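Scroll down for the structure; my scribbles are underneath it.
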Amino acid sequence: MSAICGIVRFDGRPVDSFELETMVESSPCRGPDGTGYWIRDNAGFAHLAFHVTPESVRERQPLVSDDGQLVLVADVRLDNRDELAGKLAIDKEQLPQLTDPDLLLAAWRQWDTGCVAHLLGNFVFAVWEPRRQRLFLARDPLGGFGLSWQRSGEAFVFASETTAILDLPFVEASINDDAVLKTLGGLRLAEEESFFRDVHYLAPASCLLHSGASQRGWAYWDIDPGRSITYRQDEDYRDHFLELLQRAVAN
C-alpha cells in the first residue's frame, strides 16, 4: 500500500523540506513506485506511491486543485467509483480517466467534510486549505489503512507510519506509561491510544478537523446493533447476501 505524511505549522513558520524528507526516509518499505512532494509556506505533504489498481498508475500526488486552494494527499482505494461518479454528475466516459484521488477531491468540493459518508473502500487522506488554514484528516470505517498524528507546539504532523513522526527532530519520542500499564494489566487500549506519549492514532470511521486555534474530532459512522433485516422467505436472505457479496468483489 502507499503512504502519506505531512507537516503544518500553524504559527506561520515555513516547513523545512529536510523535515519532510526525514519523514519519507523513515518509511523505507513504502513508496516503491515513487515519491511526490508539495511544500508551500507553512504546509508540506508527501506521498509514497505503491500502485495496486489500474487507476493508481496515473496518480500524481500530492494533488493540487486548479485554483491552488485545495491540496490532497491520500492512500485510497475506492470501491464505489461508479456510484460516486453518478452522485458527482461525472460522465461515464470520463470516469476511466479519473484516479481515486481525483474523485476524492471532487467529493470534497461537493460535500466538504461530509464527503466521507459517500466513500466506500479503504482510505486515509488529508485535505489542506491554505486560504482558510484548515487541515482535515479521515480514515475509512474498517481501518484498513492506518494514520498517526501528533502536535508539537504549533506544528501538527501526520503519517501512515508512526516512525515517520518519531524521527522528526522536534518530536520527543517518549513512552506512554499509561498504555504500557494497561497492556500489562490486560486492559484494551482506546482506538486513538499509542505506546508513545502525545502520538495518537486516528480511529477507524473518524475525522479530525484542525485549524490552529481549534481542533475537533468525530466519528462519522458506526455499526447499528439494533438494525435488523427481515424477509418472508429464506431465499430472500440468500439473494440479498449474494447481492452484497457481488458488490464487494466487483472491483
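Given the structure is predicted, the values throughout are model-derived calculations rather than measurements.
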Quiz item: In terms of the angle between their ring planes, are Phe125 and Phe136 parallel, tilted or perpendicular, with boundaries placed at 30° and 60°?
Solution: tilted

Quiz prompt | Test log, rule side chain to side chain contact (heavy atoms under 4.5 Å, CB included), inputs Val157 and Leu168 | solution = CA-CA 9 Å; Val157 296; Leu168 285 168; 3.7 Å; yes

Quiz item: In a check of ring-ring contact (aromatic ring centres under 6.0 Å, His included) between Trp149 and each of Phe196, Phe156, Tyr201, which one passes?
Solution: Phe156

Quiz prompt | Ser26 backbone acceptor or donor facing Asp167 side chain under 3.5 Å | solution = no

Self-check item: Side-chain H-bond candidate by donor/acceptor type, Gln97 with Asp102, under 3.5 Å
Solution: no

Quiz item: What about Leu78 and Leu120, same hydrophobic cluster or not, with Ile/Leu/Val/Met/Phe/Trp/Tyr joined at side-chain heavy-atom distances under 4.5 Å?
Solution: no

Self-check item: Taking every non-hydrogen atom, the tightest pair across Ile7 and Val15
Solution: O-CG2, 3.7 Å

Self-check item: Criterion side chain to side chain contact (heavy atoms under 4.5 Å, CB included) against Gln61, the qualifying member of Val73, Thr35, Val71
Solution: Val73

Quiz item: Okay, side chain of Asp11, backbone of Glu154: is any donor-acceptor separation there less than 3.5 Å?
Solution: no

Exercise. Check the surroundings of atom CD in Gln69: do more than 12 heavy atoms from other residues, nucleotides or ligands lie under 6.0 Å from it?
Key: yes

Exercise. Decide yes or no for Lys182 and Glu193: does some side-chain heavy atom of the first lie under 4.5 Å from some side-chain heavy atom of the second?
Key: yes

Self-check item: Any Ser211 side-chain heavy atom under 4.5 Å of Leu135 side chain
Solution: no

Self-check item: Nearest atoms (heavy-atom pairs only) where Gln150 meets Asp198
Solution: CG-O, 2.8 Å

Quiz item: Under 3.5 Å, side chain of Thr183 to main-chain N/O of Ala179, donor-acceptor pair present?
Solution: yes

Quiz item: So, does Asp140 use its side chain to make a donor-acceptor pair with the main chain of Phe123 at under 3.5 Å?
Solution: yes

Practice problem: Verify side chain to side chain contact (heavy atoms under 4.5 Å, CB included) between Asp33 and Phe50, making sure each step is shown before the conclusion. | Solution: CA-CA 5 Å; Asp33 295 316; Phe50 186 0; 3.7 Å; yes

Quiz item: Would you find a donor on one side and an acceptor on the other, under 3.5 Å apart, between the side chain of Asn122 and the backbone of Gly144?
Solution: no

Quiz prompt | Note, Thr113 side chain near Cys207 side chain (heavy atom, < 4.5 Å) | solution = no

Quiz item: Between Pro130 and Gly68, which heavy-atom pair has the shortest distance, and what is it?
Solution: CG-O, 3.9 Å

Exercise. Output yes when Lys92 and Asp82 qualify as a salt bridge under the 4.0 Å nitrogen-oxygen rule, no when they do not.
Key: no

Self-check item: Under 3.5 Å: donor-acceptor pair, side chain of Ser152, backbone of Ala155
Solution: no

Practice problem: Is it possible for you to check whether Arg13 lies under 6.0 Å from the centre of the six-membered ring of Phe170, through NZ or CZ, and within 45° of that ring's axis? | Solution: no

Self-check item: CA sep, side-chain torsions, deciding dist, call: Leu95, Leu103, side chain to side chain contact (heavy atoms under 4.5 Å, CB included)
Solution: CA-CA 9 Å; Leu95 181 58; Leu103 287 174; 3.9 Å; yes

Practice problem: Please confirm whether the backbone N or O of Ala49 pairs with a side-chain atom of Ser2, one donor and one acceptor, at under 3.5 Å? | Solution: no

Self-check item: Straight-line distance of Ser160 OG to Met23 CE, nearest 0.5 Å
Solution: 9.5 Å

Quiz item: Side-chain donor-acceptor pair under 3.5 Å between Ser148 and Thr162, yes or no?
Solution: yes

Quiz item: Is any side-chain heavy atom of Leu70 less than 4.5 Å from a side-chain heavy atom of Glu129?
Solution: yes

Quiz prompt | In one Ile/Leu/Val/Met/Phe/Trp/Tyr side-chain cluster, 4.5 Å: Phe45, Leu147 | solution = yes

Quiz item: If Ile, Leu, Val, Met, Phe, Trp and Tyr residues are connected whenever their side-chain heavy atoms lie under 4.5 Å apart, and connections chain through other members, are Leu142 and Leu137 in the same group?
Solution: no

Exercise. Return yes if some donor-acceptor pair links the side-chain N/O of Asp75 with the main-chain N/O of Ile4 below 3.5 Å, else return no.
Key: no

Quiz item: How far apart are the closest heavy atoms of Tyr220 and Ser206, and which atoms are they?
Solution: CE2-N, 3.5 Å

Exercise. Indicate the ring-plane relationship of Tyr231 and Tyr237, choosing parallel, tilted or perpendicular according to the 30° and 60° boundaries.
Key: perpendicular

Quiz item: Is a salt bridge present between Glu191 and Arg139, judged by a nitrogen-to-oxygen distance below 4.0 Å?
Solution: no

Quiz prompt | Single-linkage hydrophobic cluster Phe10~Ile165, side-chain heavy atoms < 4.5 angstrom | solution = no

Quiz item: Hey, are the side chains of Leu208 and Trp218 touching, using non-hydrogen atoms and a 4.5 Å cut-off?
Solution: no

Practice problem: Starting from the C-alpha separation in whole Å, work towards a yes-or-no answer on side chain to side chain contact (heavy atoms under 4.5 Å, CB included) for Trp108 and Leu72. | Solution: CA-CA 10 Å; Trp108 176 267; Leu72 170 84; over 6 Å; no

Quiz item: Is the number of heavy atoms from other residues, nucleotides or ligands within 6.0 Å of CD (Glu93) greater than 12?
Solution: no

Self-check item: Which atom of Ala107 lies closest to which atom of Leu119, heavy atoms considered
Solution: CB-CD2, 4.5 Å

Quiz item: Looking at Asp100 and Arg77, does any basic side-chain N land under 4.0 Å from a carboxylate oxygen?
Solution: no

Quiz item: Less than 4.5 Å apart, any side-chain heavy atom of Asn42 and any of Gln133?
Solution: yes

Self-check item: same_hphob_cluster(Tyr37, Leu48) at 4.5 Å side-chain heavy-atom cutoff
Solution: yes

Quiz item: Between the main-chain N or O of Ser56 and the side-chain N or O of Thr53, is there a donor-acceptor pair closer than 3.5 Å?
Solution: yes

Quiz item: Quick one: CG on Leu184 to CG on Asp177, what's the gap to the nearest 0.5 Å?
Solution: 10.5 Å

Quiz prompt | CD1 (Ile223) with more than 12 external heavy atoms under 6.0 Å | solution = no

Quiz item: So, are Arg197 and Glu172 salt-bridged, with charged N and O less than 4.0 Å apart?
Solution: no

Quiz item: CD/Gln233 to CZ/Arg238 distance, rounded to the nearest 0.5 angstrom?
Solution: 10.0 Å

Exercise. Starting at CG of Leu189, measure out to CG of Asn176 and round the result to the nearest 0.5 Å.
Key: 8.0 Å

Quiz item: Heavy-atom distance under 4.5 Å between the side chains of Val124 and Leu202, does that happen here?
Solution: no

Practice problem: Could you grab the distance from atom CZ of Phe241 to atom CG of Asp236, nearest 0.5 Å is fine? | Solution: 15.0 Å

Exercise. Would you confirm whether Arg81, through its side chain, and Leu98, through its main-chain N or O, come within 3.5 Å as a donor-acceptor pair?
Key: yes

Self-check item: His210/Arg216 under side-chain hydrogen bond (donor to acceptor under 3.5 Å, both in side chains): CA gap, chis, key distance, verdict
Solution: CA-CA 7 Å; His210 194 88; Arg216 181 169 65 95; over 6 Å; no

Quiz item: Out of curiosity, Leu84 CG to Ile90 CD1, how far, rounded to the nearest 0.5 Å?
Solution: 7.0 Å

Quiz item: For the residue pair His118 and Gly114, what are the closest heavy atoms and their distance?
Solution: CD2-O, 3.5 Å

Quiz item: Any salt bridge between Arg134 and Asp112, counting N to O under 4.0 Å?
Solution: yes

